[in-house]
Amino acid sequence: MTPHATTGERAGRREWTGLAVLSLPTLLLSLDMTVLHLAVPKLSADLAPSSTQLLWIVDIYGFLIAGFLIIMGTLGDRVGRRRLLLTGAAAFGVASVLAAMSDSAGMLIATRALLGLAGATLMPSTMSLIRNMFHDPRQRTVAISVWMSSFMLGAGAGPLVGGAMLEHFWWGSVFLLGVPVMVLLLVAGPFLLPEFRDPTAGRIDVVSAALSLGTVLSVVYGIKQTAEHGVGLVPVLAALAGLVLGVVFVRRQRTLTTPFLDLRLFRSRGFTVSLTTVALSIFAMGGVIFFVAQYLQMVLDMSPFTAGLYSLPGVLAGMVGILAAPALAQRVPAAYLMGGGLLVAALGVGMLTTITPGSGAATAVTALVVLHLGFGPMIALGTDMIIAGAPPERAGAASATSETGTEMGMALGIAVLGSVGAAIYRTEIGGRLPAGLPPEVTDAAGDTIGGAAGAAERLPDALGAALMDAAGQAFVTGLRTTAAVSAVIVAVIAVAATALLRGVTPGDGGGHGEPPAGEDGSPTHGKGPLPQADPAPEPVEAGR
């Protein structure tokens, strides 16, 4: 471990107050990803979008956040993280008002795209500012835990807040949630948040930026389309094109004196293993959580608001796990705490293999509580490892890489594990359908449980109930199988992460010592060594 991993100026009241301000946009972003789904019925009736337009209204936000994360993280390292954060906050506030006032599907797609673009500036900026505000390793772990818990709180509060607003206001009101948050950030940010930028950064390579954007957008598009509509020629070609662009992007970074994304970050064992652990864990658990949400609504016939209430204990358990991680890390080595937490999460996922259509919500809620409780320490310490594994002047790029890995993991989990569950559903439903169904109902019910629910509404009560009973049985079979696969994956990740992270502490450069810097003490570029956990660059004075 280097000296900088154990020493550092301790943060004071200003930094902790600044952390509270930084947590607000994080909470809002995760909330904003869920509230729109509740508003779809009302906005569809008002704007009458085509099926393609509706798909883009829902997806364009996430696409652009994923695509621009690395670009914005790298840009923040160069122009200043506070400046980028406040610029993005202003854009997000304006786009929120425009989205709320949209009077056509095309306008809503455009404003959702602007929201995604602005949102991509917020996540890496907030995380990298935490890296520069909290130099003491223990305080930084606590700060990241608080920041991560706000993200989970937003995800859990989305269905509740959105459902409550839609009961009293028009569909556009869900977008206005972002306006007061961004106003507060714009007012308090200049006083509470320091400005940081890499004093040695060169110009942004436009070609690399385009390759990065093309890689992420193409891969995410291919994954999401496959998850929603099954394997098709266009999604497969899009994903393959993204992979090709990714290879070109990586090869180009190796030739640049000042690379767009410094690949030497991956020389840190703590950075690379933690990034992989977080992404793969989200892959394994994201798909299962997606199935549980469908189970609560489709099989147990809950409204989105009620399903959100039943999901809340799991979210709160996750927050407990995240916030407890810093204290536990003082007694248990990070590798064992992360691995042990993942084993607890695997137990929670495994509990879902016992679920039945008649078991009610108790089993699902208990499983979510155990899953999130174990997941919390891993995500808190893993994120800390990722951020601390990069030197402060590269914190923006490291944060963006972390968030991109999370987005990819979630998208892949829903696509791959969702496809497994859907295939089992289609196999199981054929032998369970009641006799006497019209061909169009059989086709709809044989595709997804959502199709079965829509078809059941048009049937006589007894026949509709029989159809939903058959669909529920088939869906739960897919859920149990997917949970079993996910539990094994999470257990394997737990063992591997524990073995690979032994002896690694946040900020120690992966346990391999600290490579030298340039002759003048500044970080070297090109193919030279990359310093790990060096002191933060001098802050830029406020107002500059």
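One-based numbering along the sequence shown.
Between A346 and A491, the shortest heavy-atom contact is CB-N, 4.0 Å. The two residues G405 and A279 come nearest to each other via the heavy atoms O-CB, 3.7 Å. In plain terms, the two heavy atoms of L373 and A317 that are nearest each other are CD1-O, 3.5 Å. Taking all atoms of both residues into account, the shortest heavy-atom contact from L337 to A329 is CD2-N, 3.7 Å. Of all heavy-atom pairs spanning Y61 and G116, the tightest one is CD1-N, 3.5 Å. Nearest heavy atoms, L185 versus P25: CD2-CG, 4.1 Å.
Put simply, the side chain of R269 never gets that close to the backbone of S274: no donor and acceptor are under 3.5 Å apart. Counting only distance, with no hydrogens or angles, the side chain of T111 and the backbone of L108 share a donor-acceptor pair below 3.5 Å. Side-chain atoms of S149 come within 3.5 Å of backbone N or O of V146 as a donor-acceptor pair. Looking only at distances, no side-chain donor or acceptor of S212 sits under 3.5 Å from a matching main-chain atom of S208. No donor-acceptor pair under 3.5 Å is formed between the side chain of S145 and the backbone N or O of L323. The main-chain N or O of R82 is found under 3.5 Å from a side-chain atom of E195 such that the two form a donor-acceptor pair. The backbone N or O of I57 lies less than 3.5 Å from a partner atom in the side chain of R112, making a donor-acceptor pair.
Other residues, nucleotides and ligands contribute only 12 or fewer heavy atoms inside 6.0 Å of the CZ atom of R138.
To the nearest 0.5 angstrom, I289 atom CD1 is 5.0 Å from L371 atom CG. The structure places CG of L153 at 8.0 Å from CG of L316, a figure rounded to the nearest 0.5 Å.
Side-chain contact between V370 and V344: present, with at least one pair of heavy atoms (C-beta onward) separated by less than 4.5 Å. For the pair M127/T383, a side-chain contact is recorded, criterion being any heavy-atom separation below 4.5 Å from C-beta on. Within the 4.5 Å cutoff, the side chain of M72 has heavy atoms near those of the L117 side chain. Counting only heavy atoms from C-beta outward, the side chains of V490 and S281 never approach each other to under 4.5 Å. A heavy-atom distance below 4.5 Å is not found between the side chains of V179 and F92. Using a 4.5 Å heavy-atom threshold, the side chains of T401 and F271 count as touching. With a 4.5 Å cut-off on side-chain heavy atoms, V278 and T406 count as touching. In this structure the side chain of M133 reaches within 4.5 angstrom of the side chain of L193, judged on heavy atoms.
Note: F134 and W147 fail the aromatic proximity criterion, with ring centroids not under 6.0 Å apart.
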Apply side-chain contact (heavy atoms from CB on, under 4.5 Å) to T87 and T121, showing your working. CA-CA 8 Å; T87 301; T121 70; over 6 Å; no

